[in-house]
Amino acid sequence: MFTDRYHAGEAERHWQKVWEAQGAFTASNDDPRPKYYVLEMFPYPSGRIHMGHVRNYAMGDVVARYRRAKGFNVIHPMGWDAFGMPAENAAMQNRTHPAAWTYDNIATMRAQLKRMGLSLDWRREIATCDPSYYKHQQRMFLDFLDAGLVARKKSKVNWDPVDHTVLANEQVIDGRGWRSGALVEQRELTQWFLKITDYAEDLLIGLDRLDKWPEKVRLMQRNWIGRSEGLAVRFALDPAASPAGETELRVYTTRPDTLFGASFLAVAPDHPLAVAAAARDPALADFIEDCRRLGTSVAALETAEKTGYDTGIRAAHPFDPNWHLPVYVANFILMDYGTGAIFGCPAHDQRDLDFARAKGLPVVPVVCPAGVDPEGFAVGEEAFTDDGRMINSRFLDGMPVAQAKDEVARRLEAVLIGGQPQGRRQINYKLRDWGISRQRYWGCPIPVIHCASCGLVPVPRADLPVTLPEDVSFEEPGNPLDRHPTWTRVPCPQCGAAARRETDTMDTFVDSSWYFARFTDPWNTEEPTTPEVADRLLAVDQYIGGIEHAILHLLYSRFFTRAMRKVGWLDLDEPFAGLFTQGMVVHETYRGPDGAWVSPEEVRLEGSGAERRARLLSTGAPIEIGPIEKMSKSKLNIVDPDDIIEGYGADTARWFMLSDSPPERDVIWTEEGVQGAAKFVQRLWRLVNELASLTDGNLPAERGDGKGAGEADDPVALGVLKAAHRALIRVEEDIERLRFNRCIAHIYELSNSLSAVLAEAEEPIGPDSALALAFRQAADILVLVVAPFMPHLGEACWQALGHETLASSTAWPRANRSLVLEDVIILPVQVNGRKRADLTIGRDADVEAIKAGALALDSVQRALEGRSAKKIIVVPSRIVNVVV
RNA sequence: GCGGACGUGGCGAAACCGGUAGACGCAAAAGACUUAAAAUCUUUCGGAGCUAGCUCCGUGCGGGUUCGAGCCCCGCCGUCCGCACCA
């Protein structure tokens with residue numbers, strides 16, 4: 001009996017050294033084998049890794065190790081998303097420099113990741129805050145500028161008053177900054193933008209081809225892009241009656257069919273017409289001021305009533321010059337969508353209906369639902385928005401909605417006013433250009449110089465990188481670059497006159513929008529990518545990360561891929577062929593008698609079920625067990641990966657992370673679960689050593705499959721081989737579908753069945769017996785399927801089995817599919833859909849034989865109670881159902 | 001409000017294309033080993049009827065389709081996520 005314990009700490013250090021010494025995970029760009037690129041979203045170097053990282057990287061590592069064993073040249077790199085505000089916050093609090101803080105964190109976290117035993121090619125490591133990285137990003141910014149993909153616009157921006165910076169729309173969540181949580185204010189600033197909207201359509205269409213992405217993510221991106229088809233319509237105004245002599249008002253509508261149901265027009269408070277009208281109407285100016293104040297908070301929007309102010313301006317209906325519609329300024333109209341103006345058709349739009357009821361405007365139905373008498377059809381408190389037949393609409397009457405839309409568009413396109421059509425079909429998107437300007441220090445400088453005479457002058461490519469100055473202070477809020485005495489001063493590259501550097505830095509989402517491409521050739525110091533290499537190694541075959549990046553990062557990266565193609569840095573449709581979004585790591589929360597959060601480390605748990613109680617370790621004071629929530633610093637429900645690795649080993653942590661919960665769902669971290677994983681480590685170690693000892697730890701002269709797998713005469717030996725190959729087939733299938741929890745179940749099953757056979761086997765098992773050989777083959781398979789999950793233990797077991805190679809560099813075993821086909825199968829037999837018996841019958845038995853066999857069973861006859869079968873349904877290899 | 005996902009034992013979950021519901025793990029209970037504990041091993045473990053065998057009930061609720069429904073359809077209830085005045 002083998003009794004030695006497996007010492008994880010020692011073994012893990014050992015195998016990590018061996019892997020490192022052998023360069024086991026380096027991937028050459030010249031490798032002729034097919035490539036497989038596995039990537040996990042790179043971490044922000046916040047200080048220490050957390051369990052979410054462990055889960056993310058454990059999943060990626062299983063895929064990487066599996067693909068390597070399958071003969072792929074696996075690209076599996078790691079880097080650091082290293083620019084960002086926390087470094088500056090830390091600098092302010094601790095009087096350190098953001099760079100020092102960041103690089104310290106990277107060193108700590110790199111060491112932590114190495115202790116996880118990840119099969120990473122560390123030679124490819126990059127940090128986005130390094131000039132050797134952002135230099136290329138600046139180069140691409142200039143390329144994009146040349147290619148017309150950069151815009152500089154004055155725009156209303158989301159201003160974060162705590163972080164003193166601008167946020168992209170995507171970074172505003174419920175009206176608050178995504179990082180600071182501060183209520184966002186609106187400010188007008190001149191900003192740098194990347195023209196992601198140029199690709200709105202392409203980004204939308206591209207989603208259809210991403211069939212290895214979660215449908216959920218594709219849907220979220222689709223909604224974010226927000227394509228709509230409609231008509232821009234010009235409504236004539238009386239120039240004499242309008243504030244600045246305007247002759248028309250342009251509105252955008254997706255419902256041109258309802259034009260005859262119009263009862264008002266409305267413009268946004270910021271609309272030029274509203275502003276002009278306010279200039280001569282103080283009450284309107286007050287109204288607009290009220291709207292603006294409310295506009296900043298989403299909470300206010302939710303409760304705000306639909307209000308409007310009648311400007312007194314009247315617009316002519318496009319199909320009837322004598323029909324005049326009032327023009328309101330309304331608080332619910334957005335300036336930056338469509339034209340900032342609408343026509344309201346209350347009967348068929350809920351928002352318009354609410355407004356019309358409040359203002360006492362007419363509600364005329366123009367679409368009648370199918371099967372309803374148009375005479376009696378009226379709209380009450382609910383607008384009718386579905387399809388129907390047109391009514392009260394002159395030449396449209398009787399048409400279905402789609403046809404009426406088309407008819408209105410056709411007619412208005414044909415009418416020319418001042419040489420321009422009165423209506424124009426238009427496609428609108430909710431997607432806005434990507435504002436990348438940040439008034440921060442710790443980011444990639446935008447390589448542009450402002451010259452009084454030459455205007456905006458790009459930094460010459462030869463002068464890149466524009467590096468961040470090191471002598472900065474964070475004593476005051478705002479951007480330290482702005483007040484830097486020398487860095488900002490620079491001669492104009494064109495005229496040589498004194499000029500000033502751009503002090504905005506780029507949004508950190510720019511850094512992460514192309515790092516996957518940089519990983520393909522980080523050794524190219526001259527250019528962002530080596531296009532030939534990038535094209536060969538991309539796309540990323542499997543990308544793994546959190547759902548929180550479903551829109552921001554993934555959309556930006558898709559845009560960047562298109563922009564980089566335009567300027568020649570790669571030639572690729574989509575950056576990430578396969579995407580997987582994993583769930584969070586969650587943990588119980590604990591609160592002390594004073595209501596303060598208590599960390600799991602300080603808690604002792606007693607009892608189980610309803611009797612389960614928690615006490616404070618130090619004093620024994622009762623602790624309230626709270627809901628299970630995402631691990632977070634604020635709730636103290638954090639378990640530090642280092643402690644787990646120290647106490648149990650990295651393999652145990654990885655194994656537990658991937659067992660139980662499906663990877664896309666949240667996993668609950670429990671001490672019991674970890675202990676269960678740790679027990680399995682020992683159990684596997686004992687089992688493998690016992691199996692190894694069957695042949696005295698030496699590889700048998702004839703390998704287990706030497707006789708030809710499946711040809712063992714001994715039925716017990718054959719059973720062992722079948723179990724191993726069945727598990728192998730299932731693990732393989734489930735790794736490919738990223739169903740790691742199922743893989744682990746299959747491994748448990750194999751390990752359990754080998755243990756059971758071993759326990760029942762008659763002693764002694766001769767070293768050359770069929771059973772010993774079968775066990776040896778099964779042990780090899782068991783260890784090789786475990787290795788991607790618990791790589792250190794895998795190596796140790798592989799060695800114990802007498803192999804001199806590394807498990808990490810051993811080919812994935814070949815499953816013998818014919819072996820697992822049973823000659824005799826057990827078919828469940830139902831009577832009237834209820835299972836009554838099992839029929840043991842040959843695999844190839846024909847339908848008649850199966851029917852006869854089923855009817856012959858005692859329990860079937862008993863269930864028939866003398867009745868005769870009306871019908872017998874036989875689903876081959878599945879089931880038999882006897883119907884009476 | 002709009003869109004989407006989900007709902008299965010004490011718990012995490014499995015169940016492929018409509019075919020034996022609960023694999024695997026955790027917790028629990030009993031037993032073996034031990035002076036004892038831990039570890040390990042064995043057994044039990046959805047509910048009810050009397051233990052065995054067996055029977056009935058059981059996948060949020062109510063209907064339906066089907067030889068057969070956790071899975072498909074209709075109507076509810078609940079939970080979670082995303083978007084949110086987008087004309």
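We name chains A, B, ... by the order of the sequence lines, and we start the count at 1 in each one.
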Check whether any side-chain nitrogen or oxygen of [X] sits under 4.0 Å from OP1 or OP2 of [N], and answer yes or no.
| X | N | value |
| --- | --- | --- |
| A:Asn428 | B:C86 | no |
| A:Ser228 | B:A87 | yes |
| A:Asn752 | B:G25 | yes |

### Task
Would you please name every residue forming a salt bridge (charged side-chain N to carboxylate O under 4.0 Å, His left out) with A:Asp387, sequence neighbours left out?
none

Ignoring hydrogens and angles, write down the donor-acceptor pairs under 3.5 Å from the side chains of residues 662-680 of chain A, residues two or more places apart or on other chains.
residue: A:Asp666; atom: OD1; partner: A:Met584; partner atom: N; Å: 2.9
residue: A:Thr670; atom: OG1; partner: A:Gly673; partner atom: N; Å: 3.0
residue: A:Glu671; atom: OE2; partner: A:Tyr648; partner atom: OH; Å: 2.5

All N/O pairs under 3.5 Å across the protein-nucleotides 74-76 of chain B interface:
none

### Contacts of A:Asp651 that satisfy side chain to side chain donor-acceptor pair (under 3.5 Å) - sequence neighbours left out
A:His792

### Message
Using the side chain to side chain donor-acceptor pair (under 3.5 Å) criterion, which residues pair with A:Thr307? Sequence neighbours excluded.
### Response
A:Asn331

### Query
If you look at every strand shown and take non-hydrogen atoms under 4.0 Å, does A:Leu219 touch a base, only sugar-phosphate, or nothing?
sugar-phosphate

### Task
Using a 4.0 Å heavy-atom cut-off across all strands, classify A:Tyr252 as base, sugar-phosphate, or nothing.
base

### Task
Indicate syn or anti for B:G78, taking the glycosidic torsion and treating anything within 90° of 0 as syn.
anti

### Message
Using O4'-C1'-N9-C4 for purines and O4'-C1'-N1-C2 for pyrimidines, with syn meaning within 90° of 0, is B:C17 syn or anti?
### Response
syn

### Task
Choose from B:C26, B:U40, B:C85 the nucleotide whose nearest atom is closest to any side-chain atom of A:Glu672.
B:C26

### Query
Which nucleotide sits closest to the side chain of A:Asn223: B:A23, B:A14, B:G3?
B:G3

How far does the [atom1] atom of [N] sit from the matching atom of [M], given to the nearest Å?
| N | M | atom1 | answer |
| --- | --- | --- | --- |
| B:C45 | B:A52 | P | 9 Å |
| B:G64 | B:G68 | P | 13 Å |
| B:G82 | B:C73 | P | 26 Å |
| B:G25 | B:A32 | P | 24 Å |
| B:C61 | B:C77 | P | 15 Å |

#### Entry: Residues in side-chain contact (heavy atoms from CB on, under 4.5 Å) contact with A:Glu848, at least two apart in sequence or another chain
A:Asp846, A:Lys851

Is [Y] close to [X] at the side-chain level, that is, under 4.5 Å between some pair of heavy atoms?
| X | Y | result |
| --- | --- | --- |
| A:His587 | A:Val639 | yes |
| A:Thr197 | A:Tyr429 | no |
| A:Ile747 | A:Phe789 | yes |

Pairs under 3.5 Å (N/O, protein and nucleotides 54-57 of chain B):
residue: B:U55; atom: OP1; partner: A:Arg836; partner atom: NH1; Å: 3.2
residue: B:C56; atom: OP1; partner: A:Arg836; partner atom: NH2; Å: 3.3
residue: B:C56; atom: OP2; partner: A:Arg836; partner atom: NH1; Å: 3.4
residue: B:C57; atom: OP1; partner: A:Arg834; partner atom: NH2; Å: 3.4
residue: B:C57; atom: OP2; partner: A:Arg834; partner atom: NH1; Å: 3.0
residue: B:C57; atom: OP2; partner: A:Arg834; partner atom: NH2; Å: 2.5

Pair up each side-chain donor or acceptor in residues 868-884 of chain A with any protein partner under 3.5 Å, not counting sequence neighbours, and list the distances.
residue: A:Asn881; atom: OD1; partner: A:Asn832; partner atom: N; Å: 3.4
residue: A:Asn881; atom: OD1; partner: A:Gly833; partner atom: N; Å: 3.0

### Query
Can you list every salt bridge (Lys or Arg N to Asp or Glu O under 4.0 Å) pair that touches residues 826-837 of chain A, not counting sequence neighbours?
A:Lys835-A:Asp838

### Task
For the residue pair A:Tyr252 and A:Ser228, confirm or rule out a side-chain donor-acceptor distance under 3.5 Å.
yes

### Message
Expected output is a numbered-order residue list: members of residues 874-884 of chain A with a heavy atom under 4.0 Å from any atom of RNA chain B. What is it?
### Response
A:Val875, A:Arg878, A:Ile879, A:Asn881, A:Val883

### Message
Counting distance alone, no hydrogens or angles: does the base of B:G1 have a donor or acceptor under 3.5 Å from a partner atom on the side chain of A:Gln350?
### Response
no

### Atom-to-atom span, NZ of A:Lys679 to P of B:U40 - whole angstrom
5 Å

### Task
Can you run through RNA chain B from 5' to 3' and write each base as (, ), [, ], | or . depending on how it pairs? Watson-Crick or G-U wobble, both distances under 3.5 Å.
(((((((..(((......[....))).(((((.......))))).((((....))))..(((((..]....))))))))))))....

Are there any protein N/O atoms within less than 3.5 Å of an N/O atom in nucleotides 42-51 of chain B, and if so, which ones and at what distance?
none

